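Nothing here was measured: the structure is a model prediction, and the numbers come from that model. The residues of the chain are indexed from 1 along the displayed sequence.
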Amino acid sequence: MKTRKGYKAYPLTAAQNLHFYCLATNPNEEVLNIGSSLTIQIDLDWDVMREAITEAIARCESMRIRFAFDKKENKVYQYVVKEETAPIEHFDFSHWKPEDAVAKMTEWTSTPFERYDSPMHRIVMIKMPDGYQGTYICVNHMTMDAQSLIMFFRDVIEIYAHKKYDAVPYPKEMASYLKQLDKDLAYEAGSKSSQRDREFFHELIGSGEPMYTDVYGKGRLEAEREKEGNPNFRAATVIPKSMDAHLKNFHLEGEPSARLFKFCEEQHISMTCLLMMGLRTYLQKENDTDDVSITSTIARRATLTEKRCGGTRIHCFPFRTIVPKTDSFLEGLCKIRDGQNMLFRHANFSSPEYFYYRTQRYGLKHGQTYEGMALTYQPMAMKHDGPGLEDLGDIKYRAARYGNGQAGQPLYLTVSHHPEDDGLDFCFEYQDGMVTPEKLEEVYYFVCRMIFYGVEDCSRTVQEIIDWA
């Protein structure tokens, strides 16, 4: 397929194929929906807001992506239309109960898109029960990821502010999704850099077999060993009876969050590493093993072009660490930092190819894995990385995420900035058949205890932290 409806057609990228990998596990199309809202404590001019949204779509090529299926090749392609035809809706929740408004937007998020030759987003201007006003957006993950969606929200607000307030400049242009797409496809077509990345991951995978760890401890692994008749088996089958999923949110207030940010700055450690240390120490405690693997999600937005081109740039790789209990908290962090830096250097490699090679290397069966959960940290906030809502003064704003009712993995933790107090939001997406909300309360409680105890004195050993927690 060279063209579709007069537009040039392109193959899918590795990041987009990762979502097809997800659909192979959970075929419900809504599993790829991302629903979120941004609302501000201000009375909006809805006509101007509609104009701002329309302009932002015109400036963001990935918001105009369509997919097409070539029957002869049995292959999916993508193309970008010149003008978006999807309507911009308006919904007034002002007389609704807050929980009913959330339920309605969750319902919207749970509605799958038509996969082919159809818009991949739904945008609704909303007025909430508490008077906050703004925009709800649902996108298909194959067209946008969380960071590009945040950038799109920023663009809408900055365009709106420019139209309403003379002192606010027009935002700088977005980068071209199609130009970045050409670069990504050139890399994947057999470039020298892709071959170097392949060699790195093949060597990494071959360096040693990981060990499955679970928030519930060794039970699932021991059951797998009994089923396989191998007391040394290291993987576990993770296929729930139902893919139904929910979100469970926890909020860490601004003051304690500030202590964590200060520690990261002083020790030259990223927040991702600190969160990973907390999670792996909890899993180390629950499974009584120093060998812990957690899936690490990487957004691949190092350059300015990558930050502003939209699209989905998420790659996921298992991240294995072996931290003896005699290591100090800081020594564990440094091992994580070094390992993460290696992953980042090779993160353009195809995640599906990684998993396929690992499956072949260790003879895994369908559903068998070494990772019981995944982590992503989203450092991008509306008031960071250039002018944004601060141009509107001290106006408060809120960001919210809505579940789509499905999940492709048992447990996925997203940590992001909270706009009202600069704290941290912990959002667990969990499959009902694999994890309970009560267990997640325990996970959050102990992970935070371990992190803060380690930050308080980073010379404490992992064993001391586990014993104290």
Side-chain angles (χ1 to χ4, degrees), residues 10-23 31-34 36 56 59-67 76-80 120-121 137 139-155 173-189 191 193-194 197-198 200-201 270-272 295-319 340-355 374-381 384-386 401 408-409 412 414-416:
Y10 298 82
L12 301 183
T13 64
Q16 290 169 320
N17 278 316
L18 175 62
H19 298 306
F20 270 136
Y21 185 87
C22 174
L23 283 174
V31 72
L32 298 183
N33 286 5
I34 305 175
S36 57
R59 287 158 48 90
C60 182
E61 291 174 344
S62 65
M63 286 293 284
R64 292 179 272 118
I65 291 176
R66 301 286 192 273
F67 296 104
V76 177
Y77 285 85
Q78 61 184 310
Y79 60 100
V80 174
M120 290 284 108
H121 67 253
I137 300 179
V139 295
N140 183 282
H141 211 339
M142 290 180 66
T143 66
M144 300 282 274
D145 57 30
Q147 292 204 12
S148 57
L149 190 53
I150 291 170
M151 184 62 72
F152 181 78
F153 272 123
R154 281 177 55 92
D155 206 40
E173 287 300 314
M174 301 294 284
S176 170
Y177 170 77
L178 291 176
K179 288 183 180 179
Q180 184 60 47
L181 177 61
D182 282 330
K183 293 180 182 179
D184 292 339
L185 294 175
Y187 164 87
E188 295 172 16
S191 64
S193 57
S194 69
D197 294 340
R198 180 173 292 105
F200 165 79
F201 279 113
S270 72
M271 181 58 72
T272 299
T295 301
S296 181
T297 303
I298 302 172
R300 301 187 307 125
R301 294 192 185 273
T303 69
L304 186 61
T305 298
E306 289 171 344
K307 288 178 181 177
R308 300 186 65 83
C309 70
T312 184
R313 302 192 59 75
I314 295 294
H315 281 188
C316 299
F317 299 103
F319 183 59
Q340 286 279 293
N341 286 342
M342 281 199 302
L343 278 188
F344 292 153
R345 285 196 291 270
H346 301 278
N348 284 326
F349 188 65
S350 165
S351 299
E353 185 177 338
Y354 175 103
F355 286 109
L375 168 69
T376 185
Y377 171 60
Q378 297 170 358
M380 216 168 160
H384 296 263
D385 194 33
R401 179 184 171 192
Q409 52 191 324
Y412 185 15
T414 299
V415 181
S416 57

Is there side-chain contact between Val76 and Gln16, with heavy atoms separated by less than 4.5 Å? no

Would you say that Ser270 contacts Gln340 through its side chain, given a criterion of any heavy-atom pair below 4.5 Å between the two side chains? no

Atom pair CG/NZ of Leu178 and Lys183 - distance to nearest 0.5 Å: 12.5 Å

When you check the side-chain N and O atoms of Ser193 and Ser191, is any donor under 3.5 Å from an acceptor? yes

Given 3.5 Å as the limit, does a donor-acceptor pair link the side chain of Glu61 with the main chain of Ser176, or not? no

Hits for salt bridge (Lys or Arg N to Asp or Glu O under 4.0 Å) against Asp197, two or more places apart or cross-chain, chain-then-number order -> none

Looking at Asp184, Asp145, Thr13, which one forms a side chain to side chain donor-acceptor pair (under 3.5 Å) with Arg313? Asp184

For the backbone of Tyr177 and the side chain of Gln180, can you confirm whether one donor and one acceptor N or O come within less than 3.5 Å of each other? no

From Phe344 CZ over to His315 NE2, what is the distance, rounded to the nearest 0.5 angstrom? 13.5 Å

Under 3.5 Å, is there a donor-acceptor pair between the side chain of Arg301 and the main chain of Glu306? yes

Minimum heavy-atom distance Arg300-Ala347, with the two atoms named: CD-O, 3.1 Å

Can you find a pair of side-chain heavy atoms, one from Met174 and one from Met151, that are under 4.5 Å apart? yes

If you define the side chain from C-beta out and look only at heavy atoms, does anything of Tyr354 sit under 4.5 Å from Cys316? no

Candidates Ile65, Val80, Leu185 - the one meeting side chain to side chain contact (heavy atoms under 4.5 Å, CB included) with Tyr10: Leu185

Thr295 vs Tyr412 side-chain heavy atoms within contact, under 4.5 Å: no

Taking side chain as C-beta onward, heavy atoms only, is His19 less than 4.5 Å from Asn140? no

Can a donor-acceptor pair be found, under 3.5 Å and without considering hydrogens, that links the side chain of Ser194 to the backbone of Tyr187? yes

Distance (rounded to the nearest 0.5 Å) between Ser36 OG and Leu149 CG: 4.0 Å

Please check this pair: side chain of Arg198 against backbone of Phe349, looking for a donor-acceptor N/O pair closer than 3.5 Å. no

Is it the case that the side chain of His121 and the backbone of Met63 share a donor-acceptor pair, with hydrogens and angles ignored and the cut-off at 3.5 Å? yes

Quick check: closest heavy atoms across Gly310 and Ser148, and the distance to 0.1 Å? CA-CB, 3.5 Å

Measure the spacing between CZ of Arg308 and CG of Asp155 and express it to the nearest 0.5 Å. 6.5 Å

In Å and rounded to the nearest 0.5 Å, what is the OG1 to CD1 distance from Thr272 to Ile298? 9.0 Å

Test your reading of the model: is there a side-chain donor-acceptor pair from Ser62 to the backbone of Gly311, 3.5 Å cut-off? yes

Beyond-backbone contact of Ile137 with Met144, side-chain heavy atoms, under 4.5 angstrom: no

I need the minimum non-hydrogen distance between Ala299 and Gln147, along with the two atoms involved. CB-NE2, 3.9 Å

Test side-chain contact (heavy atoms from CB on, under 4.5 Å) on Phe317 and Phe201; report intermediate values, then the result. CA-CA 10 Å; Phe317 299 103; Phe201 279 113; 3.8 Å; yes

Smallest separation among heavy atoms of Ser351 and Leu18, with atom names: CB-CD1, 3.8 Å

How far does CG of Leu375 sit from OG1 of Thr414, to the nearest 0.5 angstrom? 8.0 Å

Can you tell me if Gln78 uses its side chain to pair, donor with acceptor, with the backbone of Pro11 under 3.5 Å? yes

Measure the shortest side-chain to side-chain distance between Asn17 and Ser350 over non-hydrogen atoms and say whether it is less than 4.5 angstrom. no

